[in-house]
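Below is one structure, written out as structure tokens, with a few remarks after it.
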Amino acid sequence: MSDPVLSIRGLERSYVTGAGTLTVLRGADLDVMPGEIVGLIGPSGSGKSSLLHAAGLLERPNAGRITILGRDCSDLPDRDRTRVRLATIGFVYQFHHLLPEFSALDNVALPLMIAGVARGAAQKRAGDLLGELGLAQRTHHQPAQMSGGEQQRVAIARALANSPRLLLADEPTGNLDPHTSTAVFENLYDLARRTGVAAVVATHNLELARHMDRVFALRDGHLEEQAKV
Ligand code: ADP
Ligand code: MG
């Protein structure tokens, strides 16, 4: 059997605030296998973003292990964690975080060029990805000239540009109206399936969560797998 793409063990995270220490994750465990699409649900404040930031090597937890493709990244120096992240992980956030001065095409091509792909080839791949997401007519628009759903599609294309093995999406449709949210979610889901990327998608939309292979709920800082309905 192959290694999980992402393995989380005993993840603990607390925040020290003026009001005292807030413990959010209390020993969360999760394995995500190649090609698997996993939903992460839980009310606002339950720790979904904290978990994704730790899993994506953006933040260091207080305790626990994060293993990516069989490599324990927990104690690696920041430089190596950044390298693993750039080579392996794509992120989609609730807000698109696209560069406002750049076209859709350049926003998607940029991570490829940073990874060393020549400009022409990067733009070709970016154009193909945007086309797959139905944005062929929008490649030269800047983010402000696009709708919220289009902006999120560009963000999805950008996250997948480098062919990551792991996609982490933090309420990727949480800022969209219900109809657009469903459409963009389907784009994300279809593209993830087609590319075979393993994905963890945080959402508090239970209807969307039902489409995933497995769903985990954050409860009191632990992950509990939900029965399929
Ligand atoms: P979710 O994504 O499920 O809404 P978060 O992981 O963002 O949950 O946050 C979990 C809890 O931790 C919330 O109560 C939030 O206010 C708190 N929190 C998150 N980040 C910080 C931080 N940097 N400093 C202090 N508290 C934080
Ligand atoms: Mg969040």
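When a ligand or atom number is given, it counts from 1 through the structure's own listing order.
- From the protein, the heavy atom lying nearest to atom 9 (O) of ligand 1 is S50 OG, 4.0 Å.
- Shown in contact with S49 at under 4.0 Å from a heavy atom are these atoms of ligand 1, numbered in order with element: 1 (P), 2 (O), 6 (O), 7 (O).
- Ligand 1 lies nowhere less than 4.0 angstrom from a heavy atom belonging to G42.
- When atom types are taken as modelled, the side chain of S181 and the backbone of D177 share no donor-acceptor pair closer than 3.5 angstrom.
- For ligand 1, the atoms sitting less than 4.0 Å from at least one non-hydrogen atom of G47 are 1 (P), 3 (O), 5 (P), 6 (O), 8 (O), 10 (C), numbered in the order shown with element in parentheses.
- The existence of a salt bridge linking R83 and D80 is confirmed by a sub-4.0 Å separation between a basic side-chain nitrogen and an acidic carboxylate oxygen.
- Between S46 and ligand 1, at least one pair of N/O atoms sits closer than 3.5 Å.
- Checked options L223, N62, L51; the residue passing with L11 is L51 (criterion: side-chain contact (heavy atoms from CB on, under 4.5 Å)).
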Report the C-alpha distance between L57 and I66 in whole Å, list the side-chain angles of each, state the deciding distance to 0.1 Å, and finish with yes or no for side chain to side chain contact (heavy atoms under 4.5 Å, CB included).
CA-CA 8 Å; L57 310 179; I66 303 292; 3.9 Å; yes
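- For R9 and D31, the salt-bridge test passes: some basic side-chain N is under 4.0 Å from an acidic carboxylate O.
- Residue-ligand proximity: P43 is placed with a non-hydrogen atom under 4.0 Å from ligand 1.
- With ligand atoms numbered from 1 in the order given, ligand 1 contributes 4 (O) to contacts under 4.0 Å with heavy atoms of S44.
- The nearest heavy-atom contact from the protein to atom 17 (C) of ligand 1 is L22 CD2, 3.6 Å.
- Remark: ligand 1 atoms within the under-4.0 Å shell around heavy atoms of K48 are 1 (P), 2 (O), 3 (O), 4 (O), 6 (O), 8 (O).
- Among protein heavy atoms, atom 10 (C) of ligand 1 sits closest to G45 O, 3.3 Å.
- In terms of hydrophobic clustering, with Ile, Leu, Val, Met, Phe, Trp and Tyr side chains grouped at heavy-atom distances under 4.5 Å, L168 and L25 are assigned to a common cluster.
- Residue H53 qualifies as enclosed at atom NE2: its count of foreign heavy atoms under 6.0 Å is above 12.
- R26 and E12 are not joined by a salt bridge, as no carboxylate oxygen comes within less than 4.0 angstrom of a charged side-chain nitrogen.
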Working for side chain to side chain contact (heavy atoms under 4.5 Å, CB included), residues L130 and V154
CA-CA 7 Å; L130 289 169; V154 177; 4.1 Å; yes
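- Among protein atoms, those of element N, O or S found less than 2.8 Å away from the Mg ion (ligand 2) are S49 OG.
- In this structure, the side chain of D106 does not engage the main chain of F102 through any donor-acceptor pair within 3.5 Å.
- Each of the following atoms of ligand 1 lies closer than 4.0 Å to a heavy atom of T17: 25 (C).
- Of all protein heavy atoms, the one closest to atom 22 (C) of ligand 1 is Y15 CD2, 3.4 Å.
- For D190 and R194, the salt-bridge test fails: no basic side-chain N is under 4.0 Å from an acidic carboxylate O.
- Using modelled atom types and a 3.5 Å distance limit, the side chains of Y15 and T23 yield no donor-acceptor pair.
- In this structure, atom 5 (P) of ligand 1 has protein heavy atoms in its sub-4.0 angstrom surroundings.
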